[in-house]
Amino acid sequence: SAVISQKPSRDICQRGTSLTIQCQVDSQVTMMFWYRQQPGQSLTLIATANQGSEATYESGFVIDKFPISRPNLTFSTLTVSNMSPEDSSIYLCSVESGANVLTFGAGSRLTVL
Amino acid sequence: AQKVTQAQTEISVVEKEDVTLDCVYETRDTTYYLFWYKQPPSGELVFLIRRNSFDEQNEISGRYSWNFQKSTSSFNFTITASQVVDSAVYFCALRLQGAQKLVFGQGTRLTINP
C-alpha cells in the first residue's frame with residue numbers, strides 16, 4: 001500500500017493565522033483526500049483533490065477557508081485559513097491504495113489558541 | 001444518505017477477555033464496501049479489513065474476526081483473547097461503489113486493562 005508523509009505532524013497556532021499542511025505520497029495517485037477529525041470525534045471528508053483541476057469540497061467546507069493545491073500526482077497541500085479555536089483538529093490526508101481501500105497519513109494535529 | 005452507527009462509545013475489558021465492537025450501517029445502495037480501521041494513541045489510522053456487500057462470509061485473521069450480516073445491516077468486529085496493545089479507537093466505515101467519500105461511524109474507544 002502507499003506510504004503517506006504529512007507535515008507538520010503537529011503545530012500550535014495563533015488565532016487569525018493560516019497554516020499549510022503538506023501531504024506527500026510515495027506513488028502516483030489520481031485522487032487525494034483530506035479529512036478532518038475534531039477532538040474526540042469521527043472523521044469527516046473535507047475535499048477531494050485531483051491533479052490539474054480544482055478540489056471538490058464537501059458540504060460545510062469552502063475553498064476560502066480550506067484552499068487545496070494539487071500540483072502533481074504525488075503531492076497536495078491543505079491550508080487552514082484565518083484559524084479559530086474551532087479549527088483545532090487532526091487533519092489527515094488519504095489516498096486510494098488497492099481496490100477501494102483508503103490509506104491514511106499519520107495526521108497533522110493542529111491546536112489553535 | 002449513508003450512515004454508520006457505533007453505539008458503543010467506550011468499552012473497557014480486562015486482558016484476555018473477548019470483546020465485540022458493534023457497527024450498524026444504513027444505505028439504499030446495493031453495492032458498497034465496509035471497513036474497520038484502528039486508531040492507536042499515536043493517531044494514525046490503520047486499515048484492518050474491507051468487505052464488499054456481496055460477500056457475507058465471515059472472516060478471521062488471527063485474533064480478529066468480523067461478522068457481516070446484511071439482514072441486520074451489521075458488520076461487527078470481535079477481538080479474541082484481547083491484549084493491551086489492542087487498546088485504541090476503532091472506526092467502522094462505509095463507502096458506496098463509485099463514491100469518493102468514506103463515511104465513518106463515531107468510533108469505539110477500546111481499553112484493555114492488564
Side-chain angles (χ1 to χ4, degrees), chain A residues 1-11 21 23 29-50 53 55-61 68 70 76 88-111, chain B residues 1-10 21 23-27 29 31-55 59 61 66 75 88-111:
Chain A
S1 60
V3 176
I4 301 173
S5 301
Q6 272 189 246
K7 289 195 293 189
S9 58
R10 59 178 64 228
D11 207 340
I21 301 166
C23 178
V29 293
T30 304
M31 288 181 288
M32 297 177 77
F33 306 94
W34 286 99
Y35 281 81
R36 182 177 73 179
Q37 185 179 21
Q38 294 178 299
Q41 302 297 313
S42 186
L43 287 84
T44 302
L45 180 64
I46 297 171
T48 302
N50 292 323
S53 62
T56 303
Y57 289 83
E58 295 294 308
S59 176
F61 298 96
I68 288 172
R70 183 78 201 274
S76 178
S88 298
S89 298
I90 301 174
Y91 293 86
L92 298 105
C93 170
S94 73
V95 301
E96 192 149 348
S97 180
N100 278 291
V101 174
L102 291 192
T103 297
F104 288 81
S108 299
R109 188 181 297 266
L110 174 62
T111 302
Chain B
Q2 299 77 46
K3 185 178 178 182
V4 177
T5 301
Q6 294 178 254
Q8 304 150 308
T9 306
E10 294 192 30
L21 283 60
C23 173
V24 174
Y25 62 93
E26 295 176 29
T27 179
D29 284 45
T31 305
Y32 50 88
Y33 302 89
L34 295 164
F35 304 82
W36 277 95
Y37 284 86
K38 174 182 180 179
Q39 187 177 43
S42 51
E44 78 274 22
L45 273 176
V46 179
F47 165 75
L48 296 178
I49 190 172
R50 183 204 74 175
R51 230 351 163 221
N52 75 51
S53 53
F54 296 110
D55 183 1
E59 181 153 341
S61 176
W66 291 270
F75 186 42
V89 179
Y90 291 85
F91 290 97
C92 180
L94 166 72
R95 193 183 193 193
L96 301 183
Q97 169 84 350
Q100 311 306 329
K101 185 183 345 187
L102 195 57
V103 176
F104 285 86
Q106 287 299 106
T108 297
R109 180 176 299 278
L110 176 63
T111 302

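Lettering of chains follows the sequences in order, A, B, ..., and the numbering in each one begins at 1. It should be emphasised that the depicted structure is a prediction, and the values quoted were computed from it without experimental measurement.
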Note to self: Is it the case that atom CZ in B:Arg109 sees more than 12 heavy atoms from other parts of the structure closer than 6.0 Å?
What the structure shows: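 No.
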
Next item on the list: Determine whether more than 12 heavy atoms belonging to other residues, nucleotides or ligands lie under 6.0 Å from atom NZ of B:Lys38.
Entry: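 Result for NZ/B:Lys38: enclosed.
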
Checklist line | Aromatic plane relationship, A:Phe104 with B:Tyr37 - under 30° parallel, 30 to 60° tilted, over 60° perpendicular | finding: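 Because their plane-to-plane angle is over 60°, the rings of B:Tyr37 and A:Phe104 count as perpendicular.
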
Contact leader toward chain B among [options], where contacts are heavy-atom pairs under 4.5 Å:
options                              : result
A:Gln37, A:Gln41, A:Arg109, A:Glu58  : A:Gln37
A:Ala106, A:Ser94, A:Ser97, A:Gly107 : A:Ala106
A:Thr103, A:Leu43, A:Thr48           : A:Leu43

Notebook entry, point to check: About how many Å separate CG of A:Leu92 and CG of A:Leu102, when rounded to the nearest 0.5 Å?
Noted result: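 So the CG of A:Leu102 and the CG of A:Leu92 are separated by 11.5 Å.
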
Checklist line | Among the listed options B:Gln97, B:Lys101, B:Arg95, the residue most often paired with chain A at heavy-atom distances under 4.5 Å | finding: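 Option with the top pair count is B:Arg95.
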
Notebook entry, point to check: What part of B:Gln39 is in contact with chain A, defined as an atom under 4.5 angstrom from a non-hydrogen atom: side chain, backbone, both or neither?
Noted result: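 Only the side chain of B:Gln39 comes within 4.5 Å of chain A.
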
Checklist line | Single hit among B:Leu96, B:Thr31, B:Leu34, B:Asp29 for side chain to side chain contact (heavy atoms under 4.5 Å, CB included) with B:Ser53 | finding: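 Between B:Ser53 and the candidates, side chain to side chain contact (heavy atoms under 4.5 Å, CB included) is satisfied uniquely by B:Thr31.
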
